[in-house]
Number of protein chains: 2
Amino acid sequence: MSEPQGEDARLAGPLAALWRSAAVRLGAGEDDAAIVRVGGEEVVLTTDALVDGVHFELERAGPEAVAWKALAVNVSDLAAMGAEPLACLAAVVLPREGGAALLEPLLLGLDRAARALGCPLVGGDTNVGPGPLTLALTALGRLGPAGALTRAGARVGDHLSVTGPLGGSRAGRHLAVRPRVAAARALLATGLVHAGMDLSDGLARDLPRLCRASGVCARIDAARLPVHPDALALGGDPVARALGDGEDFELLVAHAPLPPGTQAALAGAGVTLIEVGEVRPREEGLGLLRDGRVEPLPALGHDHFLGA
Amino acid sequence: MSEPQGEDARLAGPLAALWRSAAVRLGAGEDDAAIVRVGGEEVVLTTDALVDGVHFELERAGPEAVAWKALAVNVSDLAAMGAEPLACLAAVVLPREGGAALLEPLLLGLDRAARALGCPLVGGDTNVGPGPLTLALTALGRLGPAGALTRAGARVGDHLSVTGPLGGSRAGRHLAVRPRVAAARALLATGLVHAGMDLSDGLARDLPRLCRASGVCARIDAARLPVHPDALALGGDPVARALGDGEDFELLVAHAPLPPGTQAALAGAGVTLIEVGEVRPREEGLGLLRDGRVEPLPALGHDHFLGA
């Protein structure tokens with residue numbers, strides 16, 4: 001199997017050594033979000049920070065679109081766990097130059113996103129700093145009766161599917177993130193989904209994470225990859241775009257074969273599910289079936305640590 | 001009464017208009033932290049971001065001390081609500097220059113702080129950006145049987161007390177923050193404490209917030225203010241330092257007179273409680289008793305929005 005890449009490899013050791021209390025069910029580096037027990041409940045927690053010039057261009061996008069993305073990427077992490085949103089917090093660092101004028105549109109944008117995504121803004125912190133606009137959002141969620149959708153649990157023979165087309169998000173979709181909260185709940189409710197996550201850094205970088213957590217490998221079928229029209233419009237190899245462009249924020253799930261009735265029910269509930277590959281034994285490595293040959297899954301995708 | 005200052009005034013309108021779901025008991029801008037209902041439980045949530053050059057000097061303090069402060073200020077907000085820590089998340093933006101080398105010491109520092117403060121690090125996000133090192137921590141807590149310590153509830157005639165000496169924190173104490181988790185719980189357990197908060201921006205700036213939430217005013221007795229030796233060492237007016245230096249992270253509480261037995265029990269549990277004033281009717285305004293005269297409470301303290 002491919003070795004952990006980028007941040008994963010650098011952090012694996014320190015993260016594994018972190019102290020955890022008995023209340024921690026899933027901790028740092030283990031999944032899209034953490035699960036913490038509070039009395040008789042389990043809550044899901046996640047945080048993601050966005051920086052102007054790295055994750056968005058404030059001048060092009062404007063503060064409202066930035067606010068939407070900042071919340072939506074966190075809600076996408078809740079969705080990836082099968083959780084429904086309960087509340088969010090926003091830590092905002094405004095730039096010294098022109099920062100004060102940004103606060104109100106950012107707050108309005110966050111509130112608009114909070115209403116649309118069902119995730120009320122309940123707290124925050126605002127500061128002014130010498131760097132670019134930075135938004136660190138945290139989202140709290142709650143698991144449904146079907147429990148958590150985790151990265152661990154994929155079984156050899158499972159099908160791998162995604163909830164929408166991939167690639168080319170930087171044409172604009174990377175801002176208009178649509179978290180797949182309802183889709184994740186509907187998928188969990190089938191009882192046939194064994195593992196899942198959201199695709200933030202590109203399938204080629206995220207799939208190894210799901211495989212590592214599940215102790216398996218996988219093979220992607222290039223011919224079945226749903227390439228987004230935005231990827232085609234940007235040009236270049238469409239398969240590489242679908243695998244590596246990142247910021248799709250679709251779900252990737254490993255599941256047992258779905259009976260036709262289940263597929264129809266999901267489609268009726270507005271859930272798209274496109275098969276892209278299958279789960280394979282660990283010793284096979286991560287493969288890409290293309291033009292009748294299996295090649296190693298290319299090391300594409302976004303390393304948000306390196307900013308590459 | 002003094003009007004809201006700085007950020008408070010700028011944000012009051014937009015914050016009051018924020019959408020909140022039925023799960024939100026205390027929302028943005030209302031207290032030191034939010035309270036959200038999850039099934040049969042109530043969780044406390046808070047976030048605070050620290051920026052190099054604004055809240056610490058990385059080169060002087062080093063990454064471990066910075067990590068301590070980043071977690072401790074959040075745990076202090078939990079303490080201010082009477083909550084006990086359950087878990088924390090860290091969003092870290094590393095500077096491009098030399099940032100990669102900071103990650104491991106920061107993680108180790110966060111883990112050390114997590115163990116000491118009983119608040120395990122369960123998740124996070126690391127990025128590299130063009131600005132200075134930024135840490136946005138979020139802490140999750142749980143209320144005890146005595147419920148929440150909120151800013152609302154102070155009554156005319158209440159005594160105002162703090163849990164330790166004030167002023168001069170920038171001599172070093174602002175990094176070595178000691179959240180008063182146990183003190184808050186012990187104070188709540190007396191059943192005599194009506195309102196409280198932690199002192200992050202200086203008594204002169206924080207007291208108006210407690211008063212506003214409670215619909216009262218207050219008078220501070222300059223002669224009773226416990227001035228920290230650090231404040232004396234820094235020079236200048238010691239009363240102004242105690243009122244305005246900020247980052248003390250002691251608790252401020254409004255409470256009924258404590259019977260001698262209660263005071264002794266608190267002292268036996270290691271809780272210091274120093275009376276500094278009393279709660280007065282709203283129409284009196286915020287006053288400072290000094291040299292036998294009552295003057296308006298000076299507009300000192302740290303406006304973290306303006307960075308002043």
Side-chain angles (χ1 to χ4, degrees), chain A residues 7 10-11 14-15 17-21 23-24 26-28 33-34 36 38-41 43 45-49 51 53-55 86-87 89-93 96 103-104 107-108 111 114-115 118 120-132 134 136 138 140 142 304-307, chain B residues 7 10-11 14-15 17-21 23-24 26-28 33-34 36 38-41 43 45-49 51 53-55 86-87 89-93 100 103-104 107-108 111 114-115 118 120-132 134 136 138 140 142 304-307:
Chain A
E7 179 192 356
R10 272 185 298 269
L11 291 182
L15 286 181
L18 289 181
W19 171 68
R20 47 200 292 169
S21 71
V24 180
L26 262 180
V36 178
V38 187
E41 302 286 335
V43 299
L45 280 168
T46 186
T47 189
D48 256 317
V51 183
V54 180
H55 304 91
L86 275 176
L89 304 166
V92 182
V93 185
R96 289 229 169 94
L103 189 55
E104 195 160 333
L107 258 182
L108 291 176
D111 188 48
R115 290 168 199 257
L121 181 67
V122 298
D125 180 38
T126 51
N127 289 283
V128 175
T134 302
T138 300
L140 173 80
R142 185 184 180 188
H304 58 222
F305 180 73
L306 291 173
Chain B
E7 180 190 359
R10 269 185 301 268
L11 291 183
L15 286 181
L18 289 181
W19 172 68
R20 45 199 293 169
S21 70
V24 179
L26 263 181
V36 179
V38 188
E41 303 286 335
V43 300
L45 280 169
T46 186
T47 190
D48 256 318
V51 183
V54 180
H55 304 92
L86 275 177
L89 303 166
V92 182
V93 185
L103 189 56
E104 194 160 332
L107 258 182
L108 291 175
D111 188 49
R115 289 168 200 259
L121 181 67
V122 299
D125 181 38
T126 50
N127 289 282
V128 175
T134 301
T138 300
L140 172 81
R142 184 183 179 186
H304 60 220
F305 181 74
L306 292 174

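Predicted, not measured: the structure shown is a model, and the values here were computed from it. Throughout, a chain's letter reflects where its sequence line sits, starting with A, and its residues are numbered from 1. What's counted below: heavy atoms across the whole structure, side chains too, no hydrogens, waters or symmetry copies.
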Between chain B and each of [options], count heavy-atom pairs under 4.5 Å; write down the option with the most.
options	answer
A:Leu18, A:Thr134, A:Leu107	A:Leu18
A:Gly123, A:Ala49, A:Ala17	A:Ala49
A:Pro132, A:Ala136, A:Ala23	A:Pro132

For chain A, which candidate among [options] shows the most heavy-atom pairs at distances under 4.5 Å?
options	value
B:Gly129, B:Ala87, B:Ala33, B:Ala91	B:Ala91
B:Leu45, B:Val51, B:Val36	B:Leu45
B:Gly27, B:Gly53, B:Gly131, B:Gly39	B:Gly39

Does any backbone or side-chain atom of A:Thr47 lie under 4.5 Å from a heavy atom of chain B? Answer side chain, backbone, both or neither.
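Contact with chain B: backbone and side chain both.
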Judged by modelled atom types alone, do A:Asn127 and B:His55 share a side-chain donor-acceptor pair under 3.5 Å?
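There is such a pair between these side chains.
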Taking all non-hydrogen atoms of both residues, which atom of B:Trp19 and which atom of A:Ala114 are closest, and how far apart?
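Closest approach of B:Trp19 to A:Ala114: CZ3-O, 3.3 Å.
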List the atom of B:Val38, the atom of A:Glu41, and the distance in Å for their closest heavy-atom pair.
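Closest approach of B:Val38 to A:Glu41: O-CG, 3.2 Å.
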Can you find a heavy atom in the side chain of B:Leu89 that is under 4.5 Å from one in the side chain of B:Val122?
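Yes, their side chains come closer than 4.5 Å.
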Student check: side-chain heavy atoms of B:Thr46 and B:Thr138 closer than 4.5 Å
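They are not in contact (no side-chain heavy atoms under 4.5 Å apart), so the answer is no.
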Chain A contact via [X] - which portion, at a heavy-atom distance below 4.5 Å:
X	answer
B:Leu140	side chain
B:Val24	side chain
B:Ser21	both
B:Arg142	side chain

Mind checking side chain to side chain contact (heavy atoms under 4.5 Å, CB included) for A:Ala90 and listing every partner two or more places apart, or none if nothing turns up?
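Expected list: A:Val92, A:Leu110, A:Leu121, A:Leu137.
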Indicate yes or no for a side-chain donor-acceptor contact from A:Asp48 to the backbone of B:Asp125 under 3.5 Å, with no hydrogens or angles considered.
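It does not hold such a pair.
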Going by the rule side-chain hydrogen bond (donor to acceptor under 3.5 Å, both in side chains), which residues pair with A:Arg96 if we only count those two or more places apart in sequence or in a different chain?
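Counting only residues at least two positions away or on another chain, A:Arg96 forms no side-chain hydrogen bond (donor to acceptor under 3.5 Å, both in side chains).
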